[in-house]
*Asks:* 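One structure, as structure tokens, below. Some questions next.
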There are 2 protein chains.
Amino acid sequence: MLQLTKRTEYGLIALVHMVDRRGDFVSAREISERYHVPRRLLAEVLKDLARAEVVDSQRGATGGYALARPAEEVTVGEVVAALEGAPKLAGCETLEPSSAGGECDLEPSCPIRSPLQRIREGIWQQMQRTTLRSLVEPVFHITNLKRVDPESTLI
Amino acid sequence: MLQLTKRTEYGLIALVHMVDRRGDFVSAREISERYHVPRRLLAEVLKDLARAEVVDSQRGATGGYALARPAEEVTVGEVVAALEGAPKLAGCETLEPSSAGGECDLEPSCPIRSPLQRIREGIWQQMQRTTLRSLVEPVFHITNLKRVDPESTLI
DNA sequence: AGAAAGAGCACCGATCTGGTGCCAATTGAC
DNA sequence: GTCAATTGGCACCAGATCGGTGCTCTTTCT
């Protein structure tokens, strides 16, 4: 439904929380209690983020999770990709265009494949331009794009 | 999964097809055979587009569907909204902010509500800027936005 | 009258989503 | 060494969504 999942929402909540504690390892329990999110589900999400090397994990009594990189270098797109896969806007599309070519059985009559793909890439790039830092300090990241032709249409 | 549904895909295919035949009423059967799309499902989609006044419908032997407005005035966002509802990026968000205020039970501790909402609005605005015309004549709509600060982050 | 088209509604199976249970492995604190 | 707290891995569940279909009714042209 063109909607981010709870997994991504919880993941972003956790990551933003970690920004404040750079260096410290925070447990899934702490985050789940702080923001009232299901602990077990959050742990599942953080595990995936650790696998994607967005966070470092540490086991044991004082273990937990910490950002693997500075908040400026972690993008929302990366988080989304790790937690729900690269977004596809239509079934016939893949983010990395398969070298084998289209197995889309609407081809070659499908008239919207390419345009839809560009919409998806616009959304995708937008998420990849949005860093974790910008989620923490919104004023730091007001759009610096300037409209050149007011009648133009993006994408 | 941040993915447009088949309904939207089929709807856009049908609409793009109608652009070529402005004024003519084309039947769901014609479109379904032309693009190998399930006829009954396509009919369901076109019915919703008619209800949203994106297309006009005409019953009877020579009936069918036609664009209710010029292709320049129909946006992808409008189509998506008609076929799968306004996109929400997280469950706690609504497109039209309810005047009653947040019933989000993560509040007020949720640190990402506002940023996520801006991401969603960015995606949403992008789809609303994309017209049906731009899907038909892609060269007409290369992005006219100019990067002012290459280090900046959108949203 | 008959054929062709949309309108409405109910329904189905498959998949995805949110969430939980259980247990093993790791590690610091006592 | 023991214990408690933590992550890791797997399986599982109920509900929602999604893609798709069946059937009937109404409308309209021929």
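In the text below, chain A, chain B and the rest are named by the order of the sequence lines, each starting its count at 1.
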*Asks:* Give the nucleotide from the list D:dT28, D:dG8, D:dT7 with an atom nearest to the side chain of B:R59.
*Replies:*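 Closest nucleotide among those given: D:dT28.
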*Asks:* What nucleotide, of C:dG18, C:dG6, D:dG8, holds the atom closest to the side chain of A:K6?
*Replies:*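 The closest nucleotide is C:dG18.
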*Asks:* Whole angstrom is fine here: how far is it from CG in A:D24 over to P in D:dT6?
*Replies:*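 In whole Å, D:dT6 P lies 15 Å from A:D24 CG.
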*Asks:* Within the 4.0 Å heavy-atom criterion, would you say B:A50 contacts the bases, only the backbone, or no part of the nucleic acid?
*Replies:*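 The answer is nothing, as B:A50 stays clear of every strand by at least 4.0 Å.
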*Asks:* Run through A:V74, A:D48, A:L15, A:V26 and flag the one making a side-chain contact (heavy atoms from CB on, under 4.5 Å) with A:V55.
*Replies:*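 Single side-chain contact (heavy atoms from CB on, under 4.5 Å) partner of A:V55 among A:V74, A:D48, A:L15, A:V26: A:L15.
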*Asks:* For the side chain of B:A61, counting heavy atoms from C-beta on, which of D:dC29, C:dG6, C:dG19 is nearest?
*Replies:*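 From the listed options, D:dC29 comes nearest.
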*Asks:* Between A:R34 and A:E30, does at least one N-O distance fall below 4.0 Å, as a salt bridge requires?
*Replies:*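 Looking at A:E30 together with A:R34, the answer is no, because their closest N to O distance does not fall below 4.0 Å.
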*Asks:* Roughly, in whole Å, what's the span from CG in A:L42 to C1' in C:dT20?
*Replies:*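 Rounded to the whole Å, the gap is 14 Å.
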*Asks:* How long is the line joining CG of B:L46 and P of C:dA5, in whole Å?
*Replies:*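 Answer to the nearest Å: 13 Å.
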*Asks:* Rounded to whole angstroms, how far apart are CG on A:D48 and P on C:dT17?
*Replies:*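 For the pair A:D48 CG and C:dT17 P, the rounded distance is 13 Å.
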*Asks:* Output yes when B:K6 and B:E84 qualify as a salt bridge under the 4.0 Å nitrogen-oxygen rule, no when they do not.
*Replies:*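 Between B:E84 and B:K6 there is no salt bridge, as every charged N stays at least 4.0 Å from the carboxylate O atoms.
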*Asks:* Would you please confirm or rule out a distance under 4.0 Å between OP1 or OP2 of C:dG8 and any side-chain N or O of B:R51?
*Replies:*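 For B:R51, the contact criterion (side-chain N or O under 4.0 Å from OP1 or OP2 of C:dG8) is met.
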*Asks:* Quick one: on DNA chain D, does A:G60 or A:K47 contact a more 5' nucleotide (nearest heavy atom)?
*Replies:*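 The residue closer to the strand's 5' end, by nearest nucleotide, is A:G60.
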*Asks:* Please give me the minimum heavy-atom distance between A:L42 and A:A28, naming the atom from each residue.
*Replies:*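 Answer, listing the atom of A:L42 first, then A:A28: CD2-O, 3.5 Å.
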*Asks:* Which part of the nucleic acid does B:Q58 contact within heavy-atom distance under 4.0 Å: base, sugar-phosphate only, or nothing?
*Replies:*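 Contact class for B:Q58: sugar-phosphate only.
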*Asks:* Side chain of B:T5 only, heavy atoms from C-beta on: which candidate in D:dC18, C:dT27, C:dA4 is closest?
*Replies:*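 Among D:dC18, C:dT27, C:dA4, the one nearest the side chain of B:T5 is D:dC18.
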*Asks:* Taking only side-chain N and O atoms of A:Y10, does any of them lie within less than 4.0 angstrom of OP1 or OP2 on C:dT17?
*Replies:*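 Checking C:dT17 against A:Y10, no side-chain N or O comes under 4.0 Å of OP1 or OP2.
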*Asks:* Do other residues, nucleotides or ligands put more than 12 heavy atoms under 6.0 Å from B:E33 CD?
*Replies:*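 Above 12, so yes.
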*Asks:* When the distance from CG of B:L83 to C1' of D:dG19 is rounded to whole Å, what number comes out?
*Replies:*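 Whole-Å distance recorded here is 14 Å.
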*Asks:* Round to the nearest Å and state the distance from A:D56 atom CG to D:dT6 atom P.
*Replies:*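 Checked: the CG to P distance equals 18 Å.
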*Asks:* Using atom CG of B:L41 as one end and atom P of D:dT17 as the other, report the distance to the nearest whole Å.
*Replies:*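 It works out to 17 Å between those atoms.
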*Asks:* Rounded to the Å, how far apart are A:E84 CD and C:dT17 P?
*Replies:*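 Taking CD of A:E84 and P of C:dT17, I get 7 Å after rounding.
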*Asks:* With a 4.0 Å cutoff (strictly under), does any side-chain N or O of A:S27 reach OP1 or OP2 of D:dA5?
*Replies:*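 A:S27 to D:dA5 OP1/OP2: no side-chain N or O under 4.0 Å.
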*Asks:* Do the side-chain N or O atoms of A:R7 get closer than 4.0 angstrom to the phosphate oxygens (OP1, OP2) of C:dG18?
*Replies:*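 For C:dG18, neither OP1 nor OP2 has a side-chain N or O of A:R7 closer than 4.0 Å.
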*Asks:* OP1, OP2 of D:dT30 versus side-chain N and O of B:T62: anything below 4.0 Å?
*Replies:*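 For B:T62, the contact criterion (side-chain N or O under 4.0 Å from OP1 or OP2 of D:dT30) is not met.
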